[in-house]
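What follows is one structure encoded as structure tokens, with my remarks underneath.
Proteins come first, then strands; the chains are lettered A, B, ... in the order of their sequence lines, and each starts at number 1.
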Protein chains: 2
Amino acid sequence: MVEVENIGQYLTSKDIRPSMQRVKILEYLLKRRNHPTVDTIYNDLKDEILTLSKTTIYNTLKLFVENGVAIVINIEDNETRYDADTSLHGHFKCTKCDGVFDFTVNLNDLAFSGIEGFTVNEHHIYLKGMCRVCKSKELV
Amino acid sequence: MVEVENIGQYLTSKDIRPSMQRVKILEYLLKRRNHPTVDTIYNDLKDEILTLSKTTIYNTLKLFVENGVAIVINIEDNETRYDADTSLHGHFKCTKCDGVFDFTVNLNDLAFSGIEGFTVNEHHIYLKGMCRVCKSKELV
DNA sequence: GTATCTGCAAAACATTTGCAATTCT
DNA sequence: AGAATTGCAAATGTTTTGCAGATAC
């Protein structure tokens, strides 16, 4: 669910008690859509939630992932990012500005061979390159 | 190149001096095709190369990736794996046996939308689920 | 003999764990 | 009160860095 009007209600429907920290973290993910790391979330929320600890962010994100509220993005090996959009979509990372962008994946246009008979539960599709904005800046 | 007859020559063509450690590590990757972590490589080669250190494996793999001899596989957030097959293909991880399998990906232009005008340099396509062997064992 | 490469030890990071204090119901 | 949650501090595990010795050209 990317459009969430009542975060507390949404968390409850996912069997997660809506504590203040959990609501704020999910709200952050849904509003920013910046595919943040734990560190990014911590730095952006620590002024709003003065007692916030990284442990709580780790605990919360783990809970979110287990209960289908968020997914893990492993587009880079030295940073684990999170996304509250759990629908099937791809992630593009611009190696120039380090931004991560969502894109639509049409599975019907992707043909996989060599894993016939396998059961697929998760799709992770990552692309890397240069985004349009960085490309236009290169031309200057 | 997955079929490499002369590893030393191949490394030289990639501007990498073929030291004994580098040749052995690449040979390992090409023969095993097991998408290993640094730790796996270390444990499998330490008896053959008694003085081998993990630092050398880290150094070597970094060099391989920079020079297009290997690619990084980030299918799991707690383990960085490597593959000496640098051609476009996908990786399937069985969450039951933890095996990683290669598969062929046929990319169609229509497959991705929302990143028009972006330049794509790398494709990372990861699937997770259960492999055929583990599925057959489940039925018992 | 000078560059490069290797590998030990220490440092740097990210993540997890143990546990006590706090907060909910 | 009792259960769940938070957050500090310590532990763990992986990767990087500094550097001295070994090796190659």
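Defined by atom type and a distance below 3.5 Å, a donor-acceptor pair is missing between the side-chain atoms of His124(A) and Asn74(A).
Heavy atoms of Thr80(A) sit under 4.0 angstrom from primed sugar atoms or phosphate atoms, though from no base atom. Using a 4.0 Å heavy-atom cutoff across all strands shown, Glu79(A) reaches no nucleic acid atom at all.
By the rule that a glycosidic angle within 90° of 0 means syn, dA3(C) counts as syn.
Distance Leu50(B) CG to dT6(C) P: 16 Å, rounded to the nearest Å. Asp15(A) places its CG atom 13 Å from the P atom of dA4(D), with the value rounded to the nearest Å. The nearest whole Å value for the distance from the CG atom in Asn74(A) to the C1' atom in dT15(C) is 13 Å. Across the protein-nucleic acid pair, Asp39(B) atom CG and dT15(D) atom C1' stand 12 Å apart, rounded to whole Å. When the C1' atom of dG7(C) is taken as reference, atom CG of Asn59(B) falls 9 Å away, rounded to whole Å. Nucleotide dT16(D) holds its C1' atom 16 Å from the CG atom of Leu63(B), rounded to whole Å. Nucleotide dC8(C) holds its P atom 13 Å from the CD1 atom of Ile49(B), rounded to whole Å. Summarising the geometry, the separation between CD on Glu76(B) and C1' on dG13(D) is reported as 16 Å, rounded to the nearest angstrom.
Taking 4.0 angstrom as the limit, Ser19(B) places none of its side-chain polar atoms (N or O) nearer than this to OP1 or OP2 of dA24(D). Residue Gln21(B) places none of its side-chain N or O atoms closer than 4.0 Å to OP1 or OP2 of dT23(D). Put simply, Ser53(B) has no side-chain N or O that comes within less than 4.0 Å of OP1 or OP2 on dT6(C).
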For a salt bridge (charged side-chain N to carboxylate O under 4.0 Å, His left out) check, start with the C-alpha distance between Lys54(A) and Asp39(A), then their side-chain angles and the critical distance, and finish with the verdict. CA-CA 8 Å; Lys54(A) 283 192 187 177; Asp39(A) 209 58; 2.5 Å; yes
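Distance from the side chain of Leu52(A) is smallest for dG7(D) among the nucleotides dT15(D), dG7(C), dG7(D). Listed candidates were dT14(D), dT16(C), dT6(C). Nearest to the side chain of Tyr58(A) is dT16(C). Comparing atom distances between the Thr55(B) side chain and each of dT6(C), dT17(D), dT15(D) picks out dT17(D) as nearest. Relative to the side chain of Arg22(B), the nucleotides dT15(D), dT6(C), dT16(C) differ in distance, and dT6(C) lies closest.
Heavy-atom neighbours of Lys62(A) NZ from other residues, nucleotides or ligands within 6.0 Å: at or below the threshold of 12.
In a base pair of the Watson-Crick type (N1 to N3 plus N6-O4 or O6-N4) or a G-U wobble (N1-O2 and O6-N3), with each distance short of 3.5 Å, dT23(D) is matched with no nucleotide. Across the strands present, dG7(D) finds its partner in dC19(C); the criterion is a Watson-Crick or G-U wobble pair with both atom distances under 3.5 angstrom.
A salt bridge links Glu76(B) with Lys128(B): the closest approach of a Lys/Arg side-chain nitrogen to an acidic carboxylate oxygen falls below 4.0 angstrom. Taking 4.0 Å as the cut-off between side-chain N and carboxylate O, Glu138(B) and Lys96(B) count as a salt-bridged pair.
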